[in-house]
Asker: 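Take this structure first; my questions come after.
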Number of protein chains: 2
Amino acid sequence: MQLNNIYNMTNTRHDCKKELRGASLKVTPARLGVLAALEQAQTPLDVSEIITYLENKGIKADKVTVFRIINALTDKGLTKQIQFNEGKFRYEHSRKADHHHFVCERCGKIEDVSNCNIDEVEKDIQKKGLLIKRHSLEFFGLCKDCQS
Amino acid sequence: MQLNNIYNMTNTRHDCKKELRGASLKVTPARLGVLAALEQAQTPLDVSEIITYLENKGIKADKVTVFRIINALTDKGLTKQIQFNEGKFRYEHSRKADHHHFVCERCGKIEDVSNCNIDEVEKDIQKKGLLIKRHSLEFFGLCKDCQS
DNA sequence: TGACAAATGCAAATAAGTTGCATATAATAA
DNA sequence: TTATTATATGCAACTTATTTGCATTTGTCA
C-alpha cells in the first residue's frame, strides 16, 4: 500500500495529437486544452475546473463543448470518469488512473492510494462468472491536517 | 469473497419507530415509508424509486420531503449514500451496507460482493496517518446473462 | 484547394438536488 | 386530553450538472 501523488509523475512532454488521432478524434484547440488540463492536474478535475484551466490558457470553449469533449475522451478510453459523492463527475487521464483516492471530508484534499490488492479481489469475483471491466474504490475521512 | 444478495436476508420485522426515535427523529408516515422501502429493497434505491414505493403504499410525500428525509437519515447514520456513476445518488439501509456491489453495465443488475479484504487495505492506509471514516468500492462490467 | 464529416456555439431543455417560507403535525408537558 | 412548541412537510422557485437540437465552423484527406 502506497500513498503518493501519481499526478506529480507525469511525463510533461507527451504527444496529445497522437493520442487524439489514435482514438479517431480530430485535433482541435479545445481538445488539446482538455487533455493538457488533465495531464498537469494534481487531482481529478471537474468540468468547471477544466473550463477555468482553458480560460487561463486563452483557449475559449463553451461549457457544452467541454462536456462533449470529456464524454468523447471517456468513450474512447483516454480519460476516466469518477465520483467522490459530490453530485458531479470528475475526470482523470487514463495514463494516471491505475490507483484510487482518499478524499478528506473537511478540506477536500485528494491523495492517491496505489498498490492495494484490489486486483486479487477482482480475480476472485471473476471466478463467479462476472466480467469486471472497471471498478471504483474511494476512501473518505480526515487527512492528517484536519484531524486536530 | 462471496457474491450473494444481502438484501434478501432482512429480518422483516424491525422496529422502524425505535430506529427513528433513537436518532432523535420524529416518527412520521413518510419516514416510516422511506425506511420500509430501503428495508425491502433488493438493491440500493434512488429517490424516484423511493417515491414510487411510497405511492404504491398509498403514502403521499413530496419529492422534496423525500430528499429531506433521506438526507436526515444519512446524517444520522441510519442509511448510506452511494453512487454507481449514474449522476445521482442511491441509498441503502445501514444495516445492510457492510458489502460492496457489482453493477452490470448492460442490464443494470446489481449484485452484492461481500467478505472482500478491504478492511486490511484500510488498516494499511490508516497507518499513513489518514483517518478513514468510510469507503466506496464498486465493480462494473457484465453479468453472466449479458456476456453472451 | 474543395468536399465532407466531425466539432463547436448557442439556446433551450432535462434531471438531480436545495432553499425559503407558510402550514401542518408529532412529541411533551399540564 | 388538550395546549404548546419544535419539527416536518408542501409548494414554488432556484441552482447546478448535464444533455439535445440545430445552424455554423473547422479539421482532414483526397
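The figures here come from the full heavy-atom set of this structure, side chains too, leaving out hydrogens, waters and symmetry mates. Chain naming here is simple, since letters A, B, ... match the order of the sequence lines and numbering starts at 1 in each. Predicted model, so just to flag it, every value in this text is computed and none were measured.
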Asker: Which whole-number value in Å describes the distance from Leu25(A) CG to dT8(C) P?
Answerer: 10 Å

Asker: What's the spacing between Ser136(B) OG and Phe140(A) CZ if we round to 0.5 Å?
Answerer: 5.5 Å

Asker: In plain terms, say whether Glu39(B) and Arg95(B) are close enough for a salt bridge, that is, a side-chain N and a carboxylate O under 4.0 Å apart.
Answerer: yes

Asker: To the nearest angstrom, how far is Arg31(B) atom CZ from dG10(D) atom P?
Answerer: 11 Å

Asker: Check whether any side-chain nitrogen or oxygen of Thr28(B) sits under 4.0 Å from OP1 or OP2 of dA26(C), and answer yes or no.
Answerer: no

Asker: Taking the six-membered ring for Trp, is the centroid-to-centroid distance between His101(A) and Phe84(A) below 6.0 Å?
Answerer: yes

Asker: How does protein contact run along nucleotides 19-25 of chain D, one letter per nucleotide 5' to 3', with B for base contact, S for sugar-phosphate only, - for none, heavy atoms under 4.0 Å?
Answerer: BBB----

Asker: To the nearest Å, give me how far apart CG (Leu32(A)) and P (dA7(C)) are.
Answerer: 13 Å

Asker: Tell me, do Thr74(B) and Tyr91(B) make a side-chain contact under 4.5 Å, heavy atoms counted?
Answerer: yes

Asker: Check this for me: does any side-chain nitrogen of one of Lys76(A) and Glu19(A) sit under 4.0 Å from a carboxylate oxygen of the other?
Answerer: no

Asker: For Asp62(B) and dA24(C), what is the distance between atoms CG and C1' respectively, to the nearest whole Å?
Answerer: 14 Å

Asker: Note down the inter-axis angle between the two ends of the helix from dT1(C)-dA30(D) to dA30(C)-dT1(D), five pairs each, to the nearest 10°.
Answerer: 40°

Asker: What's the OH-C1' distance between Tyr91(B) and dA16(C), to the nearest Å?
Answerer: 9 Å

Asker: Ignoring hydrogens and angles, does a donor from either the side chain of Lys88(B) or the base of dA15(C) sit under 3.5 Å from an acceptor on the other?
Answerer: no

Asker: Just the rounded figure in Å: distance from P of dT5(D) to NZ of Lys26(B).
Answerer: 13 Å

Asker: Less than 4.0 Å between a side-chain N and a carboxylate O, is that true for Asp145(B) and Lys109(B)?
Answerer: yes

Asker: Can you find a side-chain donor-acceptor pair between Thr79(A) and Ser94(A) that sits under 3.5 Å?
Answerer: no

Asker: Taking atom P of dA16(C) as reference, at what distance in whole Å does atom CD1 of Ile50(B) sit?
Answerer: 13 Å

Asker: I'd like to know if Glu111(A) and Lys128(B) make a salt bridge, using a cut-off of under 4.0 Å between side-chain N and carboxylate O.
Answerer: no

Asker: Quick one: salt bridge (Lys or Arg N to Asp or Glu O under 4.0 Å) partners of Asp119(A), sequence neighbours excluded?
Answerer: none

Asker: For Leu54(A) and dT8(C), what is the distance between atoms CG and C1' respectively, to the nearest whole Å?
Answerer: 13 Å

Asker: Using a 4.0 Å heavy-atom cut-off, does Ala72(B) contact any base of the nucleic acid, only the sugar-phosphate backbone, or nothing at all?
Answerer: nothing

